[in-house]
Amino acid sequence: MKSFEELYPFESNYLNLDGHRYHYLDEGEGPVLLMLHGNPTWSFYYRDLVLAMRDRYRVIVPDHMGCGFSDKPQDYEYRLATHMGNVQRLLDELDIESYSLVCHDWGGPIGFGVAEQHPERVESLVVFNTTCQVTCRYPWRILMCKLPLIGRAAIRGANLFALGGIVMGSKNSERMTPHVRAGYLKPYDSYEHRIANLRFVEDIPLGPAHPSWETAKEVERQLDRLKAKPMLVCWGKKDFCFDDFFLAQWQRDFPGADFHVFPDAGHYVVEDASDEIIPLMRNFLSRHTSV
């Protein structure tokens with residue numbers, strides 16, 4: 001059974017963002033792959049993809065502020081627009097002129113929001129279970145966590161969001177070993193360190209009065225700017241959150257994309273089906289990046 005250091009054998013890098021440390025991986029050389037995680041995961045989620053791709057690509061994987069090894073400020077604007085701005089600042093700091101976007105969960109709206117601002121810089125798109133649509137169609141277990149007292153007690157107090165992600169998000173018990181479970185939970189070991197887990201849930205916009213509503217609607221409106229880009233979609237069929245309704249949205253909006261549905265994979269599709277996803281990605285990227 002592999003230790004954390006064996007599972008995640010990467011050098012940490014940090015960008016100073018207004019006094020806060022923004023952690024990211026920067027592995028390999030070649031065309032850039034920008035991998036954006038969701039909630040409650042972190043760059044650990046992409047560890048197998050980083051190892052598989054860094055021999056021919058430069059793989060950049062930030063931890064959103066409050067997540068992973070990034071700082072976890074308690075008084076911070078944890079909003080969609082802020083996360084988008086942080087990713088753009090990282091790209092600017094690293095002088096990235098072109099890249100392929102790889103995204104999952106919150107990484108979808110964050111990444112697409114950034115990509116839509118400069119579509120000429122985007123070579124291709126790899127999409128895992130996520131949405132860029134503004135909708136109320138989320139499971140009750142997530143919507144319940146938006147209630148102030150329940151959300152704070154469940155997510156920050158009992159760590160049920162990160163624990164629930166492991167239990168409900170992955171359907172591959174052989175891969176979700178105790179060491180892997182511990183890796184997912186490692187950054188979220190206290191009430192203070194679970195601040196972003198709660199703030200991401202609170203930032204799901206369900207109506208026009210929400211502070212992130214207009215930002216999310218703009219991401220949705222601008223999807224056309226990326227419709228001509230090559231896209232690979234790898235979808236976990238047993239996702240408790242992003243189900244067939246969300247898959248149908250991608251099929252409707254990007255009918256020319258290359259879709260692969262994994263019937264036994266859950267929300268953590270990369271965890272459950274990495275052995276199948278890696279060769280699909282390598283083949284797709286070899287055809288749609290400037291390698």
Please tabulate, for the side chains in residues 247-257, all donor-acceptor contacts under 3.5 angstrom to protein atoms that are two or more places apart in sequence or on a different chain.
unit_1	atom_1	unit_2	atom_2	d
Q249	OE1	T131	OG1	3.3
W250	NE1	T130	O	2.9
D253	OD2	Q133	NE2	2.6

Are [X] and [Y] side-chain neighbours, meaning at least one heavy-atom pair lies under 4.5 Å?
| X | Y | answer |
| --- | --- | --- |
| H37 | C67 | yes |
| L49 | I278 | yes |
| I142 | C241 | yes |
| M281 | V126 | yes |
| N39 | V201 | yes |
| V180 | I166 | no |
| Y8 | L25 | yes |
| V233 | F128 | no |

Could you tell me whether the side chain of [X] and the main chain of [Y] form a donor-acceptor pair under 3.5 Å?
| X | Y | value |
| --- | --- | --- |
| S286 | N283 | yes |
| H104 | H267 | yes |
| D272 | A265 | no |
| E93 | L15 | no |
| K72 | G68 | yes |
| K238 | K171 | no |
| Q117 | V114 | no |
| S212 | T215 | no |

Residues in salt bridge (Lys or Arg N to Asp or Glu O under 4.0 Å) with [X], at least two apart?
| X | answer |
| --- | --- |
| R282 | D55 |
| K2 | none |
| E218 | R221 |

Does any pair with a residue in [range] pass salt bridge (charged side-chain N to carboxylate O under 4.0 Å, His left out), and if so which ones, sequence neighbours excluded?
| range | answer |
| --- | --- |
| residues 105-121 | none |
| residues 135-157 | R137-D243 |
| residues 188-199 | R199-E202 |

Do any side-chain atoms of residues 77-85 form donor-acceptor pairs under 3.5 angstrom with protein atoms, and if so which ones, sequence neighbours left out?
unit_1	atom_1	unit_2	atom_2	d
Y78	OH	P73	O	2.7
R79	NH1	D203	OD1	2.9
T82	OG1	E77	O	2.8

Legend entry - Y22 and Y14 aromatic centres sub-6.0 Å: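 Here the rings of Y14 and Y22 have centres that are no less than 6.0 Å from each other.
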Legend entry - Ring centers of Y188, F161 separated by less than 6.0 Å: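 So the answer is no for these two rings.
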Nearest non-hydrogen partners of [X] and [Y], listed with the distance:
| X | Y | value |
| --- | --- | --- |
| L223 | C132 | CD2-CB, 4.0 Å |
| S124 | L285 | OG-CD2, 3.8 Å |
| P62 | L34 | CD-CD1, 4.0 Å |

Is there a continuous path of hydrophobic side-chain contacts, each under 4.5 Å between heavy atoms, that joins [X] to [Y]?
| X | Y | answer |
| --- | --- | --- |
| L280 | L101 | no |
| F245 | I204 | yes |
| L232 | W235 | no |

Inset, instruction - Any pair with a residue in residues 23-35 that passes side chain to side chain donor-acceptor pair (under 3.5 Å), sequence neighbours left out, goes on the list, sorted by first then second residue, please. - result: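 For residues 23-35, and leaving out neighbouring residues, the side chain to side chain donor-acceptor pair (under 3.5 Å) pairs sorted by first residue read S12-H23, H23-D63, D26-R58, E27-R54.
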Legend entry - Salt bridge present between K217 and E220 (N-O < 4.0 angstrom):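 The answer is yes: the pair qualifies as a salt bridge.
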Inset, instruction - Return yes when atom CD of E97 has more than 12 non-hydrogen atoms of other residues, nucleotides or ligands closer than 6.0 Å, and no otherwise. - result: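 Count not over threshold, so no.
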Legend entry - Heavy-atom neighbours of E214 CD exceed 12 at 6.0 Å: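 Atom CD in E214 is crowded, with more than 12 foreign heavy atoms closer than 6.0 Å.
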Legend entry - Contacts of Y76 that satisfy side chain to side chain donor-acceptor pair (under 3.5 Å) - sequence neighbours left out: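 With sequence neighbours excluded, Y76 shows a side chain to side chain donor-acceptor pair (under 3.5 Å) to N86, given in chain and number order.
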Inset, instruction - Hydrophobic side-chain clustering at under 4.5 Å (ILVMFWY, transitive links): who's grouped with L147? Put none if nobody. - result: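 Under the 4.5 Å side-chain rule, L147 groups with W140, M144, I150.
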Legend entry - Hydrophobic cluster of L149, others only, ordered by chain and residue number, side-chain cut-off 4.5 Å: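 Under the 4.5 Å side-chain rule, L149 groups with nothing.
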Inset, instruction - Indicate the ring-plane relationship of F242 and Y138, choosing parallel, tilted or perpendicular according to the 30° and 60° boundaries. - result: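 Rings of F242 and Y138: perpendicular, as their planes differ by over 60°.
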Inset, instruction - Hey, can you tell me if F44 and W42 have their rings parallel, tilted or perpendicular (30° and 60° cut-offs)? - result: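 F44 vs W42 ring planes: parallel.
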Inset, instruction - Would you tell me whether H260 and D258 have side-chain atoms, one donor and one acceptor, within less than 3.5 Å of each other? - result: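 Side-chain D/A pair, H260 to D258: present.
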Inset, instruction - In sequence, state the C-alpha distance, the side-chain angles, and the governing distance for T289 and Y99, and then conclude on side-chain hydrogen bond (donor to acceptor under 3.5 Å, both in side chains). - result: CA-CA 8 Å; T289 58; Y99 63 94; over 6 Å; no
Inset, instruction - Kindly indicate, with the supporting measurements, whether the criterion salt bridge (Lys or Arg N to Asp or Glu O under 4.0 Å) is fulfilled by D224 and K227. - result: CA-CA 5 Å; D224 282 351; K227 281 196 173 180; 3.2 Å; yes
Legend entry - NZ or CZ of K186 within 45° of F4 ring axis and under 6.0 Å: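 Yes, K186 and F4 form such a contact.
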